[in-house]
Amino acid sequence: MTDRGPADSTRDRIVTAAKAEFSRHGIAGARVDRIAKEARTSKERVYAYFRSKEALYAFVAGQELTVMAEATRMDPTDLPGYAGRFFDYFTDHPEHYRLLAWGRLELSETPDAESPTWAAMTRKLEQLRDAQRAGHLDPAWDPVDILSLVCQIAMSWVGQPEVAQLSARQARDPGTQARRAAVVKAVRLLFPPARTPGTGGGSS
């Protein structure tokens, strides 16, 4: 019992340091010696927990996907609301967006069926199919297209920092809330929230 506390603490420090390192430098640019130094441990200790830098990134990215899914909570009957939460999450945590974006840029392999990314996408697609079967979403849309479009719209500002900078100077309303409203409106036009008796429609 007494041995687990320090060990777990070291591992937690490694993971925290790795998140910051991968966010700043990507996978290729990250250095295990910097991670070890920030975590107040040794490279050998890092490799004792994670067999490689890529394995450490995979763990950190998987952990981030779990946190993101919990924070954003996709409701297939209210995709505009989901897009708004998605926008909020990455606006508040741009370093988390960078962490995941590095993986997309640098890892050539597509996620396998055992990966957290694949599992999360599969669950969301099944939710969308269930919503279509229940009459909450237009069945003419392929669920894959729905998921892709909603996520891309929600990430459009954090994924295009140069356009975000332009909007700060050129937009009629340069505020973050105006950008959020545009995201929610765009998704609402494509995928209106499901109407329920007595409500007159969904909200976001």
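These figures come from a predicted structure and were not determined experimentally.
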**Passing candidate, ring-ring contact (aromatic ring centres under 6.0 Å, His included) with Phe22, options Trp102, Phe59, Tyr57** =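 When ring-ring contact (aromatic ring centres under 6.0 Å, His included) is applied between Phe22 and each of Trp102, Phe59, Tyr57, only Tyr57 qualifies.
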
**Prompt:** Any side-chain heavy atom of Thr16 within less than 4.5 Å of one from Arg13?
**Reply:**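 The answer is no, as the side chains (C-beta and beyond) never meet within the 4.5 Å cut-off.
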
Closest approach of [X] and [Y], non-hydrogen atoms and distance?
X      : Y      : value
Thr91  : Pro94  : O-CD, 3.6 Å
Leu128 : Pro76  : CD2-CB, 4.0 Å
Val184 : Gly84  : CG2-CA, 3.9 Å
Leu99  : Val60  : CD2-CG1, 3.7 Å
Ala61  : Leu100 : O-CD2, 4.0 Å
Phe86  : Thr72  : CA-CG2, 3.8 Å

Separation between [atom1] of [X] and [atom2] of [Y], rounded to the nearest 0.5 Å:
X      : Y      : atom1 : atom2 : answer
Asp78  : Arg85  : CG    : CZ    : 6.5 Å
Arg188 : Lys185 : CZ    : NZ    : 9.0 Å
Arg40  : Ser9   : CZ    : OG    : 7.0 Å
Arg11  : Thr41  : CZ    : OG1   : 13.0 Å
His96  : Tyr89  : NE2   : OH    : 5.0 Å

**Message:** Working note: Asp75 + His136, criterion side chain to side chain contact (heavy atoms under 4.5 Å, CB included); need CA distance, chi angles, decisive distance, verdict.
**Reply:** CA-CA 11 Å; Asp75 178 356; His136 298 312; over 6 Å; no

Taking only distance into account, with no hydrogens and no angle test, what donor-acceptor pairs under 3.5 Å do side-chain atoms of residues 137-159 form with protein atoms, sequence neighbours excluded?
unit_1, atom_1, unit_2, atom_2, d
Asp138, OD1, Ala140, N, 2.9
Asp142, OD1, Val144, N, 2.9
Ser156, OG, Ile153, O, 2.8

Can you give me every donor-acceptor pair (side chain of residues 24-39, partner residue at least two apart or in another chain, under 3.5 Å) with its distance?
unit_1, atom_1, unit_2, atom_2, d
Arg31, NH1, Ala28, O, 2.9
Arg31, NH1, Gly29, O, 3.4
Arg34, NE, Glu21, OE1, 3.4
Arg34, NE, Glu21, OE2, 2.8
Arg34, NH2, Glu21, OE2, 2.7
Arg34, NH2, Gly29, O, 3.0

**Message:** Taking Arg133 first and then Asp130, would you say they form a salt bridge - that is, a charged N and a carboxylate O separated by under 4.0 Å?
**Reply:**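 A salt bridge is present here (some side-chain N lies under 4.0 Å from a carboxylate O).
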
**Asked** Is the closest basic N to carboxylate O distance between Glu126 and Arg129 below 4.0 Å?
**Response**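 A salt bridge links Glu126 with Arg129.
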
**Asked** For the side chain of Arg180 and the backbone of Asp88, is there at least one donor-acceptor N/O pair under 3.5 Å apart?
**Response** no

**Item:** Under the ring pair (Phe, Tyr, Trp, His ring centres under 6.0 Å) test, residues paired with Tyr47 that sit two or more places apart
**Value:** none

**Non-neighbouring partners of Tyr97 that pass ring pair (Phe, Tyr, Trp, His ring centres under 6.0 Å), sequence neighbours left out** = Phe90

**Message:** Let's go through Leu56 and Tyr49 carefully: what are the C-alpha distance in whole Å and the side-chain angles of both, what is the deciding distance for side chain to side chain contact (heavy atoms under 4.5 Å, CB included) to 0.1 Å, and is it a yes or a no?
**Reply:** CA-CA 9 Å; Leu56 176 54; Tyr49 287 110; over 6 Å; no

**Item:** side chain to side chain contact (heavy atoms under 4.5 Å, CB included) evaluation trace for Gln127 with Met74
**Value:** CA-CA 9 Å; Gln127 284 181 278; Met74 189 184 81; 3.6 Å; yes

**Request:** Taking side-chain contact (heavy atoms from CB on, under 4.5 Å) as the test, write out the residues that go with Arg172, two or more places apart.
**Result:** none

**Complete:** Across all chains, not counting sequence neighbours, the side-chain contact (heavy atoms from CB on, under 4.5 Å) partners of Ser52 are Glu54, Ala55

**Item:** Candidate pair Glu64 and Lys19, rule side chain to side chain contact (heavy atoms under 4.5 Å, CB included), full reasoning
**Value:** CA-CA 9 Å; Glu64 169 54 26; Lys19 287 180 182 178; 5.6 Å; no

**Message:** Can you confirm whether more than 12 heavy atoms, excluding those of Glu162, are under 6.0 Å from its CD atom?
**Reply:** yes

